[in-house]
Asks: 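Just passing along the structure, written as structure tokens.
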Amino acid sequence: AQDVVAKGAKVLVVQDPVEVPQDVTVIQVEDSRYAMAFISAAWFGNPAEKMKVIGITGTKGKTTTTYLVKSILENAGKKGSCNMSKIGVLGAGTWGIALARMLCNAGHNVTVWSAIEKEIEELSATGRHPNLSHVELPSELKYTIDIKTVCENKDLLLFAVPSPFVRSTAKKAAPFITADQIVVDVAKGIEEGTLYTMTEIIAEELNNPEVKVVALSGPTHAEEVIKD
């Protein structure tokens with residue numbers, strides 16, 4: 001993002017949800033802890049043909065961090081345009097559901113997977129997570145117990161299963177993950193015995209160096225991210 005600023009991109013500093021002029025490509029978020037919530041809730045296509053930014057949670061912080069929201073505006077100026085991604089979330093715990101809701105509200109096509117059939121049935125029936133029951137989930141969220149369904153034809157895969165299950169989940173998912181996908185691990189921890197990080201475990205099980213495996217980190221809680 002700093003490279004973009006150096007090239008003369010227009011910068012806007014924000015502290016609250018705002019509508020951002022279309023020529024703004026870089027936004028400074030006053031609280032870096034909530035940057036993920038901020039960026040994933042940005043999209044194009046409101047009636048004024050502006051980029052509408054929503055979903056900043058929490059309060060102002062002392063750290064100012066620069067984040068690139070849209071460096072390449074492929075659909076800029078096209079009314080109703082939206083860079084929608086197909087995203088699979090593996091894991092239906094509070095963290096996975098909070099991220100899934102946020103991404104869905106940002107206009108993305110999101111499917112959530114769990115190996116626990118009862119968990120998927122309850123989410124589908126109630127539209128709420130039992131540990132985040134005060135928040136209604138978007139009706140557009142999809143749910144599945146089929147790991148092939150959550151992985152295939154997705155642009156991005158979020159591994160949100162608890163760390164003890166990352167290896168077994170990656171092994172199940174591996175046949176359906178292709179080189180053009182990005183895998184984002186959001187689980188924390190170190191594997192006992194190997195002392196591998198979660199991304200190292202995923203990379204080992206996928207056994208495909210062309211797959212991009214990255215990690216989302218930061219002191220953020222599900223109950224904060226899920227707030228509007």
Side-chain angles (χ1 to χ4, degrees), residues 36-46 52 54-55 57 75 80-162 165-166 168-187 198 202 205-206 211-216 220-228:
M36 177 64 182
F38 185 92
I39 293 171
S40 65
W43 75 86
F44 285 98
N46 68 327
K52 186 178 181 183
I54 65 168
T57 60
N75 293 316
S81 63
C82 175
N83 290 333
M84 182 177 69
S85 296
K86 294 180 180 179
I87 299 173
V89 179
L90 290 84
T94 56
W95 191 215
I97 289 296
L99 293 172
R101 177 183 183 271
M102 183 175 57
L103 292 165
C104 188
N105 283 342
H108 299 292
N109 186 330
V110 183
T111 301
V112 177
W113 169 88
S114 174
I116 305 171
E117 186 172 357
K118 184 178 179 181
E119 194 169 45
I120 292 299
E121 289 175 350
E122 185 173 353
L123 286 167
S124 300
T126 66
R128 296 176 186 270
H129 190 283
N131 294 327
L132 298 167
S133 58
H134 60 291
V135 177
E136 185 175 359
L137 301 176
S139 58
E140 295 83 3
L141 263 181
K142 303 178 184 69
Y143 305 97
T144 184
I145 59 168
D146 181 18
I147 201 162
K148 179 179 179 180
T149 298
V150 78
C151 292
E152 281 194 336
N153 302 314
K154 301 298 187 297
D155 303 304
L156 186 74
L157 296 175
L158 263 65
F159 269 69
V161 295
F165 301 103
V166 167
S168 59
T169 302
K171 184 175 292 186
K172 291 178 184 177
F176 313 112
I177 295 177
T178 56
D180 59 338
Q181 294 174 310
I182 299 174
V183 177
V184 183
D185 170 64
V186 301
M198 299 299 104
I202 294 170
E205 290 298 334
L206 298 185
V211 177
K212 300 177 182 67
V213 182
V214 300
L216 171 68
T220 313
H221 290 188
E223 63 272 16
E224 296 171 341
V225 171
I226 207 166
K227 291 179 181 178
D228 290 323

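Computed from a predicted model, the values in this text were never measured in an experiment.
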Asks: Please give me the minimum heavy-atom distance between Ile97 and Ala92, naming the atom from each residue.
Replies: CG1-O, 3.6 Å
Asks: With sequence neighbours excluded, what pairs up with Ser124 under the side chain to side chain donor-acceptor pair (under 3.5 Å) test?
Replies: none
Asks: Kindly give the heavy-atom pair with the smallest separation between Arg128 and Val135, and that separation in Å.
Replies: NH1-C, 3.5 Å
Asks: About how many Å separate CG of Leu158 and CH2 of Trp95, when rounded to the nearest 0.5 Å?
Replies: 9.0 Å
Asks: Partners of Ala160 by side chain to side chain contact (heavy atoms under 4.5 Å, CB included), sequence neighbours excluded?
Replies: Val89, Val186
Asks: Just distance, no hydrogens or angles: give the donor-acceptor pairs under 3.5 Å from side chains in residues 169-179, sequence neighbours left out.
Replies:
residue: Thr169; atom: OG1; partner: Phe165; partner atom: O; Å: 2.7
residue: Thr178; atom: OG1; partner: Asp180; partner atom: OD1; Å: 2.4

Asks: Please check if the side chain of Gln181 supplies one atom and the backbone of Val211 the other of a donor-acceptor pair under 3.5 Å.
Replies: no
Asks: Considering non-hydrogen atoms only, spot the tightest contact between Ala187 and Val166 and give its length.
Replies: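 Looking at all heavy atoms of both residues, the closest pair is CB-CG2, 4.1 Å.
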Asks: Taking side chain to side chain contact (heavy atoms under 4.5 Å, CB included) as the test, write out the residues that go with Ile145, two or more places apart.
Replies: Glu117, Ile120
Asks: Quick one: list whatever passes side chain to side chain donor-acceptor pair (under 3.5 Å) with Glu121, sequence neighbours left out.
Replies: none
Asks: Write down the atom of Ser85, the atom of Asp155, and the distance for their closest heavy-atom approach.
Replies: CA-OD2, 3.4 Å
Asks: With sequence neighbours left out, write down each residue that passes side chain to side chain donor-acceptor pair (under 3.5 Å) with Asn153, or none if nothing qualifies.
Replies: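 Partners of Asn153 by the side chain to side chain donor-acceptor pair (under 3.5 Å) criterion come out as none, since no residue qualifies.
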Asks: Tell me every residue that passes side chain to side chain donor-acceptor pair (under 3.5 Å) with Thr111, counting only those two or more places apart in sequence or in another chain.
Replies: none
Asks: Under 3.5 Å, is there a donor-acceptor pair between the side chain of Lys154 and the main chain of Thr149?
Replies: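 Judged by distance alone, yes, a pair lies under 3.5 Å.
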Asks: Testing the basics here: between Ile147 and Trp113, what is the closest heavy-atom pair and its distance to 0.1 Å?
Replies: N-NE1, 3.5 Å
Asks: Report yes if the side chains of Leu90 and Cys151 come closer than 4.5 Å at any heavy-atom pair, otherwise no.
Replies: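 A side-chain contact exists here, since the closest heavy-atom pair is under 4.5 Å.
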Asks: Within the 4.5 Å heavy-atom criterion, are Asp185 and Val213 side-chain neighbours or not?
Replies: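 No, their side chains stay 4.5 Å or more apart.
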Asks: Is there a donor-acceptor contact under 3.5 Å linking the side chains of Asn109 and Lys142?
Replies: yes
Asks: I'd like to check the salt bridge (Lys or Arg N to Asp or Glu O under 4.0 Å) partners of Glu205; sequence neighbours left out, ordered by chain and number.
Replies: Arg167
Asks: Please list all pairs passing the side chain to side chain donor-acceptor pair (under 3.5 Å) test where one or both residues lie in residues 129-141, with sequence neighbours left out.
Replies: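 The answer is none; no pair qualifies.
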